[in-house]
Structures are given as C-alpha cells and as structure tokens.
Protein chains: 2
Amino acid sequence: MVVRVDLSEEDVDRIFKALADRTRRDILERAIHREQSVSALAHHYDMSFAAVQKHVAVLERAALVTKERRGREQIVRTNGPTIARAIALLDQYEQLWVDRAVQIDAVLARSDEEGGG
Amino acid sequence: MVVRVDLSEEDVDRIFKALADRTRRDILERAIHREQSVSALAHHYDMSFAAVQKHVAVLERAALVTKERRGREQIVRTNGPTIARAIALLDQYEQLWVDRAVQIDAVLARSDEEGGG
DNA sequence: CACTCTCACAACCATATGGTTGTATGTTAG
DNA sequence: CTAACATACAACCATATGGTTGTGAGAGTG
C-alpha cells in the first residue's frame, strides 16, 4: 500500500510522542480491537478516569483516534490512516538506510576487485 | 521483509520517545545519509555541543544508532534493524486495524443482504 | 424532579525532558 | 610538553508530562 507523507514536523512529534507511552499504546490496541467509550477503556487501568481521559486526548491530538458522541458516552475509534502515515515515515528512513547499505556494499565490492586484481 | 518484534515495552518507549523529537529525527537522517562524528553533527544545530551529545545518547539508548571511537572522534552510525523493528510494530497495529475493517465490512455486507433480501 | 453516569476541565504535584554552563579527560598536531 | 580538539559528565534551570483530586455540566433513568 502506498501512503503519502504530508505531515508537518509538529504532526510527527505528536504521533511519536503519543506512541511513546505504554498506556496509550494499550489504549490504541484496545480501540483497534473494538471501538468503545472512554470509561470502558478506563476500567482496564489502575489509574483515575481523568488520567485515561488525558491519554485519549493525546491520541486524539495526534489523530491516532477520533471521538464521537453517542448519548452520554464518547466513543473512541482508531484512525487507521495515521498509523499508515507513521509507517510510511519510518519506511522512508529505512529505505534511506537500505540504499546507503547498498552503496557501501558496492564500494566494498569495488575495493575487493581493485585489491584482488 | 519480515522482521520479528521481540522488544520489551521499555524498548518501545525508548524508540518512540527518541523519534518524538525533531532534532533527533534530523540527526538520525543525517547519520543514515553519512556516518559522522558527534561534533560534525553538532555543527548543523543552533544549540550547544552538549545538547546534541545528549540527543545522540537518547538515540543510542534506543538502539537507533551506535557510536564507535575513531581516534578522538566518536562516529555515529545508524542501526537499521531497530528502525525495521519499529516499522514491524506499527505494521502489527495497522494489520489489526485492517483486519477489523474487513470484519466490519463483512458485517455490513451481511446486513445489506438481510435488509435487501 | 432527583439521581447516576459519563465526560470536561482546572488546579496542583512530582518527575522527566531539553536546554544551558562549567569542568575534566583523552587524543592528535606542533 | 603545549595547544587545540572531541568528548564526557555534572549541576542547574524552565517547561512538559503523567498522575492526582475536585468541581461542574449534559444525558439517561426511576
């Protein structure tokens, strides 16, 4: 799958900061598995509702999840495309690294030829 | 490419925290492009050498780069496999999301049949 | 209406983070 | 040996982060 990466540095900051917390990764995973209310999510953690609420807010600001009112509940739903964009970002780094590795291999192969011939 | 993800939660924290800073992402990119000393990297930024040194240390603790002494310099080199692992991690999330989306599509398709038949 | 549930938000606190400066140590060039 | 360079590391500071409690406001229920 091809995903364009048109994120600002601030966007990228928000995404990786959001992913850099164990609780938030867990919330994200649960939300992927099944969309559910903030309080339903909060039941799983040994911390206050407000704390979980803040974590969800961080994920929301990073656009990793969206919230939608349903009655008195706020339903948390994963925003797949943002994950895809983060992957695309890292893929770019990795591709650079792979390209670089290939270049180095080429250089080494050439010195082998020179040294051996 | 298949990459196994056998990282502890702490490892994952370190990787994403390291990537959650613009300066560190830039350092990583430069190190990918060409391995170079800490002071060579530091020249590019409008901050003290010590600050850049700390950023490199964060990247190193996350295993995104390695340092190797060469004379009086410390050469910073990208550690590609860690990037690959981070990608694999996000791929897992995305795969979960895609699977979930497929499930939902299936459910919707079934209700269409029921509603339409 | 009164009650409960769910959420929003503010105030507060301890610790982590990202920067600074200063000092010390090892390495290379004269 | 001396000077300059690259690095390491500690102390310090301001702000961000991750948690708490408390208060208040909509939304559903008896």
Side-chain angles (χ1 to χ4, degrees), chain A residues 8-31 34-79, chain B residues 8-31 34-79:
Chain A
S8 71
E9 293 292 325
E10 289 74 23
D11 291 334
V12 180
D13 279 1
R14 277 186 223 107
I15 293 172
F16 285 128
K17 269 183 187 136
L19 290 170
D21 181 277
R22 180 181 192 152
T23 303
R24 283 196 292 267
R25 286 193 301 273
D26 199 75
I27 290 174
L28 182 63
E29 212 166 321
R30 287 181 192 278
R34 192 167 72 81
E35 62 184 45
Q36 54 200 296
S37 70
V38 179
S39 54
L41 287 167
H43 286 316
H44 299 292
Y45 306 98
D46 188 27
M47 65 181 75
S48 68
F49 170 80
V52 175
Q53 208 180 10
K54 279 195 191 180
H55 281 306
V56 172
V58 171
L59 288 168
E60 194 186 10
R61 259 176 269 130
L64 283 162
V65 304
T66 58
K67 284 192 304 185
E68 190 189 350
R69 266 228 171 267
R70 201 149 74 199
R72 59 184 164 186
E73 295 181 332
Q74 197 83 258
I75 303 301
V76 179
R77 177 177 295 129
T78 310
N79 190 16
Chain B
S8 70
E9 292 292 325
E10 287 73 24
D11 291 335
V12 180
D13 279 1
R14 277 185 224 109
I15 293 172
F16 285 129
K17 270 186 187 133
L19 291 170
D21 181 277
R22 180 181 192 152
T23 303
R24 282 194 293 265
R25 286 194 301 273
D26 199 75
I27 289 174
L28 182 64
E29 212 166 321
R30 288 180 192 277
R34 191 167 73 80
E35 63 183 45
Q36 53 199 295
S37 70
V38 179
S39 55
L41 287 166
H43 286 318
H44 299 292
Y45 306 98
D46 188 26
M47 66 181 75
S48 68
F49 169 80
V52 174
Q53 208 179 12
K54 279 195 192 182
H55 281 306
V56 172
V58 171
L59 288 168
E60 194 185 12
R61 259 177 268 130
L64 283 163
V65 305
T66 59
K67 283 192 306 186
E68 190 188 348
R69 267 229 170 267
R70 202 149 73 198
R72 59 183 165 187
E73 294 181 332
Q74 197 82 260
I75 303 300
V76 180
R77 176 176 296 129
T78 310
N79 190 16

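So that the names make sense, note that chain A is the first sequence line, chain B the second, and so on, each numbered from 1.
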Tell me: [atom1] of [X] to [atom2] of [N], nearest whole Å?
{"X": "Arg22(B)", "N": "dG19(C)", "atom1": "CZ", "atom2": "P", "result": "12 Å"}
{"X": "Arg69(B)", "N": "dT25(C)", "atom1": "CZ", "atom2": "P", "result": "15 Å"}
{"X": "Arg70(A)", "N": "dC7(C)", "atom1": "CZ", "atom2": "P", "result": "11 Å"}
{"X": "Arg61(A)", "N": "dC9(C)", "atom1": "CZ", "atom2": "P", "result": "11 Å"}
{"X": "Phe49(A)", "N": "dT4(C)", "atom1": "CZ", "atom2": "P", "result": "18 Å"}
{"X": "Gln36(A)", "N": "dC5(C)", "atom1": "CD", "atom2": "P", "result": "19 Å"}
{"X": "Arg24(B)", "N": "dT17(C)", "atom1": "CZ", "atom2": "P", "result": "9 Å"}
{"X": "Gln74(A)", "N": "dC9(C)", "atom1": "CD", "atom2": "C1'", "result": "14 Å"}

Measuring from the side chain of [X] (C-beta onward, heavy atoms only), which nucleotide among [options] has the closest atom?
{"X": "Glu73(B)", "options": "dC7(C), dT20(C), dT7(D)", "answer": "dT7(D)"}
{"X": "Lys17(B)", "options": "dT28(C), dT17(C), dG19(C)", "answer": "dT17(C)"}
{"X": "Ala50(B)", "options": "dG28(D), dT21(C), dG19(D)", "answer": "dT21(C)"}
{"X": "Asp21(B)", "options": "dT6(C), dG19(D), dG18(C)", "answer": "dG18(C)"}
{"X": "Lys54(B)", "options": "dC9(D), dC7(C), dG19(C)", "answer": "dG19(C)"}
{"X": "Ser48(B)", "options": "dT21(C), dA8(C), dA8(D)", "answer": "dT21(C)"}
{"X": "Arg72(B)", "options": "dG19(C), dT27(C), dA8(C)", "answer": "dT27(C)"}

Heavy-atom nearest nucleotide on DNA chain D taken for Ile75(B) and for Asp46(A); more 5' hit belongs to Ile75(B)
Surrounding CZ of Arg70(A) (heavy atoms of other residues, nucleotides or ligands, distance under 6.0 Å), is the total greater than 12? no
Can you tell me if [X] uses its side chain to pair, donor with acceptor, with the backbone of [Y] under 3.5 Å?
{"X": "Arg25(B)", "Y": "Leu19(B)", "result": "yes"}
{"X": "Arg24(B)", "Y": "Lys17(B)", "result": "yes"}
{"X": "Asp11(B)", "Y": "Ser8(B)", "result": "yes"}

Report yes if at least one side-chain N or O of Gln53(A) is closer than 4.0 Å to OP1 or OP2 of dC9(C); otherwise report no. no
Does a nitrogen or oxygen in the side chain of Ser39(B) sit under 4.0 Å from OP1 or OP2 of dT7(D)? yes
In terms of side-chain geometry, is the basic nitrogen of Arg30(A) or Asp26(A) positioned less than 4.0 Å from the acidic oxygen of its partner? yes
